Amino acid sequence: MKWDDQGSSIKIFPPLDFNFQECLVFLARSDQEILHHIMGDYLYKLLKINGEFVLLKIGENEQSIQVEFPIRTPAQSIKEQAAAYIWKWFDLDQELEGFYDMANKDKLLKDIVHNHFGLRIIGIPELFQAMAWAIIGQQINLTFAYTLKKRFVEQYGESLTYEGNTFWLFPEPETIAKIDKDELLKLQFSKRKAEYVIGVAKAMESGQLTKEALLHQQDYQQVHDSLMAIRGVGAWTADYVMMKCLHYPNAFPIADVGLHQAIKHQLGLERKPTIAEIEEMSIYWEGWQAYATFYLWRSLYEW
DNA sequence: ATCCAGGAACTGT
DNA sequence: ACAGTTCATGGA
């Protein structure tokens with residue numbers, strides 16, 4: 001991680017191919033999003049670090065990411081953790097030359113990576129949030145998924161209001177582990193999703209499921225198997241979490257209908273491609289399936 | 001109304 | 001291992 005403490009603000013130095021504006025477009029895709037806000041050219045995000053609310057005002061300054069702290073300047077160690085959060089959030093450890101080399105030769109990806117060069121996978125660093133959001137999004141349209149997430153966060157998350165804007169934190173697993181499934185039914189979760197989300201919360205509360213343990217078992221297949229052993233987590237959810245939280249560039253939610261829509265549109269097909277067809281056309285994505293998928297998702301927001 | 005949406009578990013073969 | 005069925009709820 002490359003960063004610099006400048007007193008009341010910090011600077012983060014991303015790879016040269018990073019494009020902050022492209023990432024902002026993706027972050028702005030839903031007007032129901034309440035876990036971050038975009039105002040003008042700035043991205044606002046509330047974190048809780050060492051028990052302390054830390055509001056980030058994130059902007060671009062030439063080649064660097066500039067982060068200010070509107071509430072108050074935090075201690076140096078907290079500033080470092082905030083920088084680390086952003087580093088992971090924008091997947092800045094990833095070296096993308098290999099991906100771009102591959103994508104420039106791929107008819108399906110070529111135009112998209114050209115149009116959105118510098119976009120990175122916008123992650124979900126917190127494991128519980130990544131899993132709960134994936135479960136919420138299973139088999140429902142994104143609009144409704146955002147509605148459910150908003151209700152969930154406003155019911156169980158902490159918030160802070162600053163200068164008239166309210167910023168929210170995603171609920172902690174310890175909170176959700178204690179609630180009754182009927183409470184989630186009132187928010188219009190299905191019975192199964194209510195069970196799944198509470199089950200994941202309990203597994204995390206008890207320490208059976210941690211991000212650290214998953215990251216420790218490096219092998220893709222091991223992690224995928226571990227995740228799929230959890231009730232409510234199928235192949236799609238496991239790959240989604242490995243892509244958005246665990247930073248596996250080869251994670252591939254191949255059954256994703258958004259991916260299917262993007263491919264259909266990009267190739268001008270009459271129907272959505274089959275899984276077998278996608279396997280065929282993604283042979284050369286090997287190692288970069290997550291980035292290929294993410295760029296295809298990005299292509300959905302311009303037609 | 002009808003189809004479908006960033007699926008998963010269950011059941012039967 | 002694989003295919004078909006059920007679950008579940010709102011958006012367009």
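This one's a predicted model, so the numbers in the text were calculated from it and none came from an experiment. The analysis underlying the following values was restricted to heavy atoms, covering all of them including side chains, and did not include hydrogens, waters or symmetry mates.
- The CD atom of A:E195 sits 12 Å away from the P atom of C:dT9 (whole-angstrom rounding).
- Contacts between residues 145-153 of chain A and DNA chain B, defined by a heavy-atom separation below 4.0 Å, involve no residue at all.
- The interatomic distance linking A:L142 (CG) with B:dC4 (C1') rounds to 13 Å, in whole Å.
- For the pair A:D93 and A:K88, the salt-bridge criterion is not met [side-chain N within less than 4.0 Å of a carboxylate O].
- If you check every strand for non-hydrogen atoms under 4.0 Å, A:K272 touches sugar and phosphate atoms only.
- Between A:K79 and A:D5 there is a salt bridge, since at least one side-chain N of the basic residue sits less than 4.0 Å from a carboxylate O of the acidic one.
- Every residue two or more places apart in sequence or in another chain that forms a side-chain hydrogen bond (donor to acceptor under 3.5 Å, both in side chains) with A:Q217 is listed here: A:S226.
- A:T143 has no side-chain polar atom (N or O) that falls below the 4.0 Å cut-off from OP1 or OP2 of B:dA5.
- In this structure, A:K191 atom NZ and C:dT6 atom C1' are separated by 13 Å, rounded to whole Å.
- In this structure the side chain of A:E22 never reaches within 4.5 angstrom of the side chain of A:F117, judged on heavy atoms.
- Placement of A:I38 and A:F18 within a single hydrophobic cluster is found when ILVMFWY residues are connected by side-chain heavy-atom separations under 4.5 Å, directly or transitively.
- Rounded to a whole Å, the CG atom of A:L185 is 7 Å from the P atom of C:dT9.
- Geometrically, A:K11 does not engage A:W3 in a cation-pi contact, judged by NZ or CZ lying under 6.0 Å from the ring centre and within 45° of the ring axis.
- A salt bridge links A:E277 to A:R271: one of the charged nitrogens lies within less than 4.0 Å of a carboxylate oxygen.
- B:dC4 atom P lies 10 Å from atom CD of A:Q261, rounded to whole Å.
- In this structure, A:I135 places its CD1 atom 15 Å from C1' of C:dA8, rounding to the nearest Å.
- A cation-pi arrangement is absent between A:K57 and A:Y44, since the terminal nitrogen or guanidinium carbon is not both under 6.0 Å from the aromatic centre and inside a 45° cone about the axis.
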Point to revise | Audit row: A:K149, A:E33, salt bridge (charged side-chain N to carboxylate O under 4.0 Å, His left out) steps and yes/no | key: CA-CA 8 Å; A:K149 180 173 93 165; A:E33 179 61 70; 3.0 Å; yes

Exercise for review: Could you encode protein contacts along nucleotides 7-13 of chain B as a string, one character per nucleotide from 5' to 3', using B for base contact, S for sugar-phosphate-only contact and - for no contact, with a heavy-atom cut-off of under 4.0 Å?
Suggested key: BBSS---

